[in-house]
Amino acid sequence: MEELSRRQSTAGRDFIRQIIDRHREEGRYEEIVTRFPPEPNGYLHIGHAKSICLNFGLAREYGGRCHLRFDDTNPLTEDEEFTSAIQRDIRWLGFDWGPHLYFASDYFERMYQVAEDLIRAGKAYVDSSSEEEIREARGTVTEPGRPTPYRDRSVEENLDLFRRMRAGEFEDGAHVLRAKIDLASPNMIMRDPVFYRIRHAHHYRSGDDWCIYPLYDFAHCLEDAFEGISHSLCTLEFDNNREIYDWILDEAGFQEPRTHQYEFARLNLDYWVLSKRKLIRLVREGHVSGWDDPRLPTLAGLRRRGVPPAAIRLLCDMVGVAKANSTVDLGKLDYAIRETLNPTAPRTMGVLNPLRVVLTDWPRGRTEELEAPFLPDRPGSPTRNLTLAGEVWIEADDFTQDPPPGWKRLSPGGEVRLRHGYVIRCDEVITDPETGRVVELRCSHDRGTLGRNPEDRKIGGTLHWVSARDGVAAEFRLYDRLFRVADPDDVPEEGDFTDHLNPDSLVVTRGWVEPALVQGHPDAPGISGPEDAPWEARVQLERLGYFARDVDFTPEAPVFNRIVGLRDTWAKRVTPKAPEEKTDTSAPIVAVAPRVSDARSAVRDADPELATRFERYQAEMGLSELDADVLTGSRAVSDLFEGALAVHGDAKEVSAWVINEAARFVGEEGEAPAFDGAALGTLVDRVADGTVSRRVAKEVLGEMATSGDDPDAIIEARSLTQQADPEVLIPVVEAVLSEFAEKAAEFRAGNRNLFGLFMGQVMRRSGGKADPALVRELLTERLEGG
RNA sequence: UGGCCCGUCGUCUAAGGGCAAGACACCGGUCUUUGGAACCGGCGAUGGUGGUUCGAAUCCACCCGGGCCAACCA
């Protein structure tokens, strides 16, 4: 649909779509299958919306499917109530899972079988230590963990114990099932994670069938695998969990192509909090009226406020998907709402803070019907009649006794137009003798101005109004940001995010609306009747903003929520945004001397040969300490260097090739690449003797790393010999220059950045084979010479 | 502090060796019976230092900054 069109282009696709594109080219998966896996223990909020839009959107774009799966593995916190609320919210957002509704609890038996398999394979054990003991034995980020006394129980004993755990023979906490992996892993999650715990608790779906329940790390990857998920998307904080995800799936024997996990940044919005824990506090402590309080970022709250689901989808599309933690400007949500509502919301009138206007020259008893279109910019728009009699309400803010420069609204002696009606002039101001407050305006109207402008003068402003004769009293709930500060979590010692609550986040006023907003109107979309679902009734109150009926609305006591105000360039001019004091977070600029890496230094301490080489490279070859450091950080890298050096004797040159180009092909665990040092040395030789350009040599190296072929063979097979013949290159250079004549002119006019463009074009056309120094020379001659 | 992830306009996101692009925000202007909308224009960024390269936001090294992990939560 319209929001998707931007994504159709190849450029600018997010990293997840790029990965999926690649998988599709490889034909790796039969179908793209994603999932949205909420835990039914709370309400969905706008952060979840990003994940929903991503997962369901991907399925839609790639013609795959997206599962809705309740990740209900914790009987203590989960509840039926939430499963229906979550389904309603997703549907409201505009997505559908078809028949693919699943529950993790339905997989308990299969998961249990996997756990037994793991035990039989010696990959899991029953630990009878207490929770505290396990935590204590796990070590810290800097110290390795140590085994508990139960780690080496026999398979038989483990199996027996685990079965009795299931059978309910033990109290909560008596035993747990743990993976047997590596207690010294630098990744804390891999230090024998707990897979099952005993919980004699009633589960809202599986009842009392189970008294052991799997934990997230064990359960989630299996759920994905059971369902044939192809791309399992989660937020950044699960990054560390990917290792256990893969470990379990591999140990459980799931073959490629199987599901894999990818992490993206969760959505954050300033002036809001999005953590479940904090949302619960706001509700429980009564800072808001409930989960659907319109000030909350919950989908229920946004819906009640009147935000259209399309606006939330648009926001998610604008925000994109990436791996960098970020906080989105709340103004983007406002934009998305206005953008969505502007083309469709009927224009109507209401007055928030009324001020009485009496038309002194209006004949007593006369009424006039003024025809007003609901969508004034659209030809053929449906209309309604506004009844004008001798008195109207206008907005108190639209009048001032002493107008500032640029004021276009009413002031003593000034003229304005009543929207869809006449031009009026303020003749007299009635004030309360006690308070001095303006209570009424006496005005006269110009009969010649209905539907046309006076010729002798310009009327600057137009005011919205409601007829005092037949306006309907209404309550307005005006919402503002929930917090006063952009980052409510930024609190001083012993402070709390609730300290930053905005006391003015809800302002209630009583005013008037035109009758159509309460009675309904057959031709106006969104306000067709008093019984309409509240969030279906979204209108613009002209000059004020977009409003929706609240769930509390009744025709007898109409209540409207302000969804968002209109852009207001006047307000900005009058109250310029306070320059928010920004704490300077930029790093102080200090020149730091690069150091030898601690990690590599430790490797050398453990390997005397590397330590010797480290010294030798500096002393005998004249390499810098830093280069020598990198070259001796692992056996694989150092061997590569040694091997290459045996073929090509220039230590500096070889060292640069190893460090900058070849080292990246050494595996994470120090596995040697597909080529050896000698092959690398040969390649460096070919660069030195001018056979190939450096650029081509890098390509060759890449191929060596995948195929393991000999460099000469690759050069031969793909005829990559360097092109240094001017006779050949000149026509190419001239072709580029004439094709990009405009750019060339720009270059001559001073845009030096463009040199790379020409260079790149020539290089591309030569298949990267051209001698760059020569090309540069030829180009320079032609661009600068004549 | 060990490991992992991440640093591009004020904000969000592209470009992944060759013209730093778009959106929001902001600032001007045109138009206007919404100080709205629409239209036109402008401002504005590669965390730092070295290195590799004809050419670096992109590759390498170090530094700085931010985030995540030591639940029998997810």
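Scope of the values below: all heavy atoms of this structure, side chains included, with no hydrogens, waters or symmetry mates. A note on names: the letters A, B, ... follow the listed sequences, proteins ahead of strands, and every chain is numbered from 1. In this text the structure is predicted, and so the values were computed from the model without any measurement.
Side-chain N/O atoms of A:Arg543 include one lying less than 4.0 angstrom from OP1 or OP2 on B:rG35. A close approach under 4.0 Å does not occur between any side-chain nitrogen or oxygen of A:Arg378 and OP1 or OP2 of B:rA37. Taking side-chain N and O atoms only, A:Asn660 has no distance below 4.0 Å to OP1 or OP2 of B:rU53. One finds a side-chain N or O of A:Lys572 lying less than 4.0 angstrom from the OP1 or OP2 phosphate oxygen of B:rC26. In this model, the phosphate group of B:rG36 is approached by a side-chain N or O of A:Thr569 to a distance below 4.0 Å at OP1 or OP2. Look at A:Gln18 and you'll find a side-chain N or O under 4.0 angstrom from OP1 or OP2 of B:rA15.
Counting non-hydrogen atoms under 4.0 angstrom, A:Ser185 reaches nothing in the nucleic acid. Counting any heavy atom pair closer than 4.0 Å across all strands shown, A:Arg338 reaches no nucleic acid atom. No engagement by A:Trp465 is indicated, since no non-hydrogen atom pair under 4.0 Å with the nucleic acid exists. Across all strands shown, A:Leu450 has heavy atoms under 4.0 Å from base atoms, whether or not it also approaches the sugar-phosphate. Here A:Gly545 lies out of heavy-atom contact (under 4.0 Å) with every strand. Using a 4.0 Å heavy-atom criterion, one finds that A:Gln540 contacts the bases of the nucleic acid, with or without backbone contacts as well. As judged by a 4.0 angstrom heavy-atom cut-off over every strand, A:Arg452 is placed among the base-contacting residues. Here A:Arg191 lies out of heavy-atom contact (under 4.0 Å) with every strand. The residue A:Ile659 sits close only to the backbone: its heavy atoms come under 4.0 Å of sugar-phosphate atoms, none of a base. Among the protein residues, A:Val423 comes within range of no part of the nucleic acid, since none of its heavy atoms lies under 4.0 Å from any strand. Here A:Arg277 lies out of heavy-atom contact (under 4.0 Å) with every strand. The residue A:Gly451 sits close to a base: some heavy atom pair falls under 4.0 Å. Note on A:Lys323: only backbone sugar-phosphate atoms sit closer than 4.0 angstrom, heavy atoms only; bases stay farther off.
Below 30°, between 30° and 60°, or above 60°: for A:His175 and A:Phe170 the angle between ring planes is above 60°, a perpendicular geometry. Using the six-membered ring where Trp is involved, A:Phe758 and A:Phe747 have ring planes that are perpendicular, over 60° apart on the 30 and 60° scheme.
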CA sep, side-chain torsions, deciding dist, call: A:Leu450, A:Leu370, side-chain contact (heavy atoms from CB on, under 4.5 Å): CA-CA 9 Å; A:Leu450 189 63; A:Leu370 306 171; 3.8 Å; yes
Derivation of the ring-ring contact (aromatic ring centres under 6.0 Å, His included) call for A:Tyr196 and A:Phe162: CA-CA 9 Å; A:Tyr196 271 91; A:Phe162 189 50; 5.4 Å; yes
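Using modelled atom types, one side-chain atom of A:Asp72 and one backbone atom of A:Ser105 make a donor-acceptor pair closer than 3.5 Å.
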Sequence-aligned protein contact record of nucleotides 68-74 of chain B, with B where the base is within under 4.0 Å of a protein heavy atom and S where only the sugar-phosphate is: BSBSBSB
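Remark: A:Asp329 does not engage A:Lys332 in a salt bridge, criterion side-chain N to carboxylate O under 4.0 Å. With salt bridges taken as basic N to acidic carboxylate O contacts below 4.0 Å, none links A:Arg191 and A:Asp182. Under a 4.0 Å N-O distance rule, the pair A:Glu237/A:Arg266 qualifies as a salt bridge.
Listed by chain and residue number, nothing satisfies the salt bridge (charged side-chain N to carboxylate O under 4.0 Å, His left out) test with A:Lys652 (two or more places apart in sequence, or in another chain). Checked against side-chain hydrogen bond (donor to acceptor under 3.5 Å, both in side chains), A:Tyr213 has no partners two or more places apart in sequence or in another chain. With sequence neighbours left out, the side-chain hydrogen bond (donor to acceptor under 3.5 Å, both in side chains) criterion links A:Asn187 to A:Glu243.
Remark: A:Arg543 CZ to A:Leu463 CG distance equals 4.5 Å, nearest 0.5 Å. The distance from the CE atom of A:Met349 to the CD1 atom of A:Ile394 is 12.5 Å, given to the nearest 0.5 Å. Distance CD/A:Glu514 to CG/A:Leu541: 8.0 Å, rounded to 0.5 Å.
For B:rA38, the base is anti relative to its sugar; the glycosidic angle deviates from 0 by more than 90°.
Positionally, the nearest nucleotide of RNA chain B for A:Asp598 lies more toward the 5' end than for the other of A:Ala773 and A:Asp598.
You'll find that the side chain of A:Asn753 is closest to B:rA20, out of B:rU33, B:rA20, B:rU13. The side chain of A:Asp329 lies closest to B:rU11 when the candidates are B:rG35, B:rC54, B:rU11. Of the candidate nucleotides B:rC24, B:rU33, B:rU52, B:rU52 has the atom nearest to the side chain of A:Ala656. Relative to the side chain of A:Met759, the nucleotides B:rG35, B:rG36, B:rC54 differ in distance, and B:rC54 lies closest.
Straight-line distance from the CD atom of A:Glu542 to the P atom of B:rA37: 13 Å, rounded to whole Å. The distance from atom CG of A:Asn325 to atom C1' of B:rC5 is 8 Å, rounded to the nearest whole Å.
Judged by atom type and distance alone, A:Arg266 does not reach the base of B:rG67 through any side-chain donor-acceptor pair under 3.5 Å.
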Intra- and interstrand pairs of RNA chain B - dot-bracket, Watson-Crick/G-U under 3.5 Å, | marks other strand: .((((((..((((....[..)))).(((((.......)))))....(((((..]....))))))))))).....
I'd like a list of close polar pairs between nucleotides 38-46 of chain B and the protein, N/O only, cut-off under 3.5 Å.
none

